[in-house]
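If you're wondering where the values come from, they're calculated on a predicted model, not measured in any experiment.
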Amino acid sequence: MHGGAVASLVDLVGSAVIFAGGSPVTGVSLDITVSYLGAARANEEIEIEARVLGMGDKTGCVTVEVRRKDTDQVLAHGRHTKYLANVSSKL
């Protein structure tokens, strides 16, 4: 699995968890970090688990783990912080 695809998963799943956690907006990313610990091969099943670390009025932070389904080996660990305040554009 390409590293860019894993980073995209961390972004998308992290945003979904923040929204599901009660935020009325998914916000914009302040920080995304991904540690790549293993490789997933073609046609191999993976599992993705995300948890909210904290949600405030203006920011939210989640972790996202990508695991090999058959062995539960962690393939990647991501952390995603988002700015959640509703900001209107002046453009």
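With contacts defined as side-chain heavy-atom distances shorter than 4.5 Å, the pair L53/V62 does not qualify. Contact check for K82 versus V28: no side-chain heavy atoms found under the 4.5 Å cut-off.
Every pair passing side chain to side chain donor-acceptor pair (under 3.5 Å) that includes a residue from residues 27-36 is listed here, sequence neighbours excluded: S29-H80.
Criterion: ILVMFWY side-chain heavy atoms under 4.5 Å apart, direct or through other members. Under it, I32 and V6 are part of a common hydrophobic cluster. Residue I18 is grouped with residue I48 when hydrophobic side chains (ILVMFWY) are merged at heavy-atom distances under 4.5 angstrom, including chains of intermediate members.
Residues passing the side-chain hydrogen bond (donor to acceptor under 3.5 Å, both in side chains) test with R79: none are found, sequence neighbours excluded. By the side-chain hydrogen bond (donor to acceptor under 3.5 Å, both in side chains) test, K69 pairs with E45, sequence neighbours left out. Under the rule for a side-chain hydrogen bond (donor to acceptor under 3.5 Å, both in side chains), E47 has no partner lying at least two apart in sequence or in another chain. Residues meeting the side-chain hydrogen bond (donor to acceptor under 3.5 Å, both in side chains) test with T63, sequence neighbours left out: none.
Between A40 and I46, the shortest heavy-atom contact is CB-CG2, 4.0 Å.
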For the pair M55 and L84, evaluate side-chain contact (heavy atoms from CB on, under 4.5 Å) and give the outcome as yes or no after the intermediate values. CA-CA 9 Å; M55 293 257 287; L84 303 174; 4.2 Å; yes
Is there a side-chain contact (heavy atoms from CB on, under 4.5 Å) between L9 and V64 once you walk through the steps? CA-CA 8 Å; L9 278 172; V64 179; 5.8 Å; no
Residues 70-77, side-chain donor-acceptor partners within the protein, below 3.5 Å, at least two apart:
from, atom 1, to, atom 2, distance (Å)
T71, OG1, Q73, N, 3.4
Q73, OE1, R68, NH1, 2.1
H77, ND1, E65, OE2, 3.4

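Formation of a donor-acceptor pair under 3.5 Å by the S15 side chain with backbone atoms of D11 is found in this model.
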